[in-house]
Each structure stands twice: as C-alpha cells, then as structure tokens.
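In listed order, ligands and their atoms are each counted from 1.
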Amino acid sequence: MNDPLKAPVFAPGMAALGAPFAVPVAPQAVQAPRWLAQNHALAQHAGAPAPWLHTPEALALLAGNTPATPAYATVYSGHQFGVWAGQLGDGRALLLGSTQGADGQVWEWQLKGAGLTPFSRMGDGRAVWRSSIREFLASEAMHGLGIATTRALALVGSDTPVRRERTEAAAVLTRLAPSFVRFGHFEHLGRDPQAMQTLLDWVLRQHFAPLAAVADPAERALAWFAAVLEATADLMAQWQAVGFCHGVMNTDNMSVLGLTLDYGPFQFMDAFDPAHNANHSDTGGRYVYQNQPQVAWWNLQCLAQALVALVPETEALTNALQRYPDAYAHAQAVAWARKLGLAHAAADALPVAQTWLTLLAKHRGDFTLSWRAISDALADCPDWADAAAHVRQALPSSLPTEEVAPWVVQLQQVAQRHGHAPRELGQRMQQVNPVFVLRNHMAQEAIEAAEAGDPSVLQALWQVLQTPTQPHPAHAAWAGPPPPWAHELVLSCSS
Ligand code: AMP
Ligand code: MG
C-alpha cells in the first residue's frame, strides 16, 4: 500500500511523448512559501494520498521548491487576437506528471508560475498572487457551476518579488486537468505531419479511446475534429448561459477537451451587456461576450487548418467545420432550456431566453441576479395566473412592468407546452441559476485580504462557490449587486 504521507506516484502524462513535445525543466524555488489554499477533496479525487497534502514535502513540491522534481514544459503555437503568433509554449507552466483517481480518471498536474522555461520568451515564468487567486477561485467556481474546466488543487503564496506594473509577489498554482493539450499544440505541428500524428494518436489513446481504433489516419483525424467541435460548441453555450466572458480566446487558450482553460482577465458579468469586454488589453473588442461562440468557430478553423497535414482531402475538413452552427444551436437548446427550468433540451427555449436578454441589455439589468430572481419568484408561485406579478415583484423597478409581463407570458406558453407548472419550473431553475458567481469585486476582496495576511476571505468565497446555487445566508452580501467601486476594476492581460 502507498504511504499516505508520501507524494503521489506520478506517471509521465504528456511528458511520455518526450522531445520535441515536452522538454525537462527544473522548477525554480520561491522565498517563504506558504499555503493559501489546499483542495483536499480534489487531491483525494485525483488519487493523491489525502494526508500527504498536509506535509511540508507537499508544500515544497507544489511551491516548486524541490529542484530535483522531474518536470516538463510543452511546446505550442497559436493565433493571438486573430493573428498568427508563432511559437508560444508553456512559458510558466510545468507538468509534474499524471495521477489516476479511483474512478479511473487520469489527471495531469501542472505548476503554474514555478519559474522560467525554454518557452518563457520575454516573461519571467512567474504568476502573481492576484491572478493566481483569481484562477484558483474561478476554476473551482466553474466546476461548482457544472461547467467543464481545468481544476485548482493548491495555491502557494511566497515573498519572491515579481515585477508587473508595480512590484508584487509570486504565487504558484497547482492545476489539474485530464489534459492541458490546446488547439495551439496542433497548430505548432502544421508542417510536421509525422509529429502531429504522434500527438494526435497519443491524445486519442488517452482521451478519445473509441476513436483511436479508427484505422484510416485521415478518418481518425476527422472524427476527432468533429468531437472537439462538439465539445467546444457545448462549452460556448454554457459560458453564454452563465454570463462568463473568457477575455483571451486565443487559440493557445483553447482546450481540445472543451475545458475552460487559462483564466486571465475573465469576468462573470454584472450588468448585462452583450458587447461586454472583460479584457482591457482587447482594444478591438474581439473577445466581447456576444462574439465568443463565433470566435470559437474561428479558432476551430485554425485547428482544421493545422489538421490539413493529416487530412489530404481538405473538403472533408471544411464540411466538418460547417457542422458548427448546428452543433452550437443544439448546445444552446440544451443550455437555455436548462436555464429556463425545462426538463428537456428544447429549441423553443431559445427565443424566450433571447427576449429576456434583449430586455435585460436594454435596461442594464444584472445577469445573475435577474435570472435567480425569476427562479425564486416562480418557485414560490402556485399558479401561472400569478406568475407575472410574482416575477415583477422580484425584479428591480428599473425593468419596466410593461416589458416584463409580456415576457412572462411568453415563458408561460413555452413552459405549458412542455407541461410545466410555475413552481416546478422555478425549482428546476433554482438548481441551475446560481445565487453566487465569482464577480470581479469578490475576487478583489479575497485578493486584498490575502495580500494583507488573511486568507480567510479566499477560503469563505471558495466554499460558497462550491455550491453556488445554494443560498449561504452567512454570505448574503456576495449574493447582492456589486458595490459601486466594482465598476472601476480594470483587468488586463498582466498576470
Ligand atoms: P496567456 O496570454 O496567459 O495565455 O499567455 C500567452 C503565452 O505567454 C503563453 O505561452 C504563456 O506561457 C506566456 N506567458 C504569459 N505570462 C508569462 C510569464 N510571466 N512568463 C513566461 N511566459 C508567460
Ligand atoms: Mg495561455
């Protein structure tokens, strides 16, 4: 039996591919490492001995302070803001290897911010507390919402100075995912069909086992591309339905498993604005909320272009790419039907959701609060005859009755077509529409307290975000609208 105080035994994970895909890199130590957060449940789920995470050895390993640790950086390229950026790679992420959970799931472990790699380019290989706390909380918040994402296992703070707009301190985030392979890994190999085949077959064996058995290489690549397209379309529909803006949808930040990956200047929206831009550095507004599904399609086109190396019949790839509108329409029908409390995916959910979003945008209503208010109002409403009044009362007066009431009738018509009473609809909506999302000002509160030596706000916020559809009365302030100062928070790519 494994010693429960010993580090997990790592399999190589993607490092098994060796050079040129993954190159060995030693982590660089930080000064005065200390825990900011430890995700014991995830450690256990991923097959790490639970008591180990309490040990000084675990702290040293996950701070990057055990220099003999075999670790690897992988190489990828990508399109950034619509332009080919050439080689990028893991500039500040190191792969420790992989573990396997009791359920058979394989988890790759990465240290983010553990120092320079051959792919650091002009960067310092570090990440600051601010951005690492945001990534930790956002990963776990996303998971709490049931949306596919990389996970956060641990966060170590340090005193190592890091130069950004001001001098900050380094943190190291341990993040886990079944795979960190990005569209950019394939884009990097566009001129090397053999290497691409090696990477693809490895990805297939690890994560798309049924497709690995397809004998013809071109068909194999095509079938995989179709699966990536579906997963990406699903993810987009889920982001849209929860008001999430990623902020940096470059192709190097797109996971081939359809995971939310690389949390930078992301935002869960406050007031709804379809053109909301979460990233101050995105001056052209390429990645605003309403563009995300379309950008994902553009990114898939980049992936398809790379796969030309394996699929000589480019027409087949073009045709596969043309599936996106249908895949996204289906994903939307699933996501918005759930959001509206319908028991099954339904295309007629979409116009109801769209009418609501138009109304919300016109009056700048809060995305999360309004969806939850509607959920609570209906859950408490025995009869459709009273629904408009209930919903009206639950919403702020800035949303005019003459627009809210006809919308409730529209909702009622669809719900009745599906045989749902308002109470049933509302109760299902309560299971899907969160009370809590990680708004920028909430992350900021956790960051400022942690920087001042108090990680308890981070801990409390993390706890609430694990079950975001539950009320958590002790933290009612986080269930309310953002304070006025929230609008002044500006987020750029600097992290
Ligand atoms: P991002 O915009 O965070 O997705 O990063 C784009 C590229 O820049 C990736 O190759 C990252 O590894 C790299 N990068 C970002 N920040 C740093 C840093 N501080 N040090 C080294 N590389 C970095
Ligand atoms: Mg990135």
So, does [X] sit close enough to ligand 1 that a heavy atom of it is under 4.0 Å from the ligand?
| X | result |
| --- | --- |
| Gly125 | yes |
| Arg182 | no |
| Cys493 | no |
| Gln80 | yes |

Do Asp90 and ligand 1 have an N or O pair less than 3.5 Å apart? no
Is there at least one pair of N or O atoms, one from Gly91 and one from ligand 1, spaced under 3.5 Å apart? yes
Is it the side chain, the backbone, both or neither of [X] that has a heavy atom closer than 4.0 Å to ligand 1?
| X | answer |
| --- | --- |
| Phe119 | neither |
| Arg163 | neither |
| Asp124 | both |

Report the residue from Trp109, Phe180, Phe136 that forms a side chain to side chain contact (heavy atoms under 4.5 Å, CB included) with Arg175. Phe180
Measure from the Mg ion (ligand 2) to every N/O/S atom of Asp262 and report the name of the nearest one. OD2
Give me the residue, atom name and distance of the protein heavy atom closest to [atom].
| atom | answer |
| --- | --- |
| atom 10 (O) of ligand 1 | Gly89 O, 2.7 Å |
| atom 4 (O) of ligand 1 | Asn253 OD1, 3.0 Å |
| atom 8 (O) of ligand 1 | Arg121 NH2, 2.8 Å |
| atom 5 (O) of ligand 1 | Asp252 OD2, 4.6 Å |

Could you walk me through whether Phe21 and Tyr72 pass the ring pair (Phe, Tyr, Trp, His ring centres under 6.0 Å) check? CA-CA 10 Å; Phe21 307 97; Tyr72 300 84; over 10 Å; no
Could you check which of Gln87, Arg92, Met122 puts a non-hydrogen atom nearest to atom 18 (C) of ligand 1? Arg92
Matching residue for Phe186 among Trp202, Trp224, Tyr76 - test: ring-ring contact (aromatic ring centres under 6.0 Å, His included): Trp224
Whether His475 and Trp478 hold their rings parallel, tilted or perpendicular, with breakpoints at 30° and 60°: parallel
Does His472, at its NE2 atom, have more than 12 non-hydrogen atoms belonging to other residues, nucleotides or ligands within less than 6.0 Å? yes
Does Asn253 put an N, O or S atom under 2.8 Å from the Mg ion (ligand 2)? yes
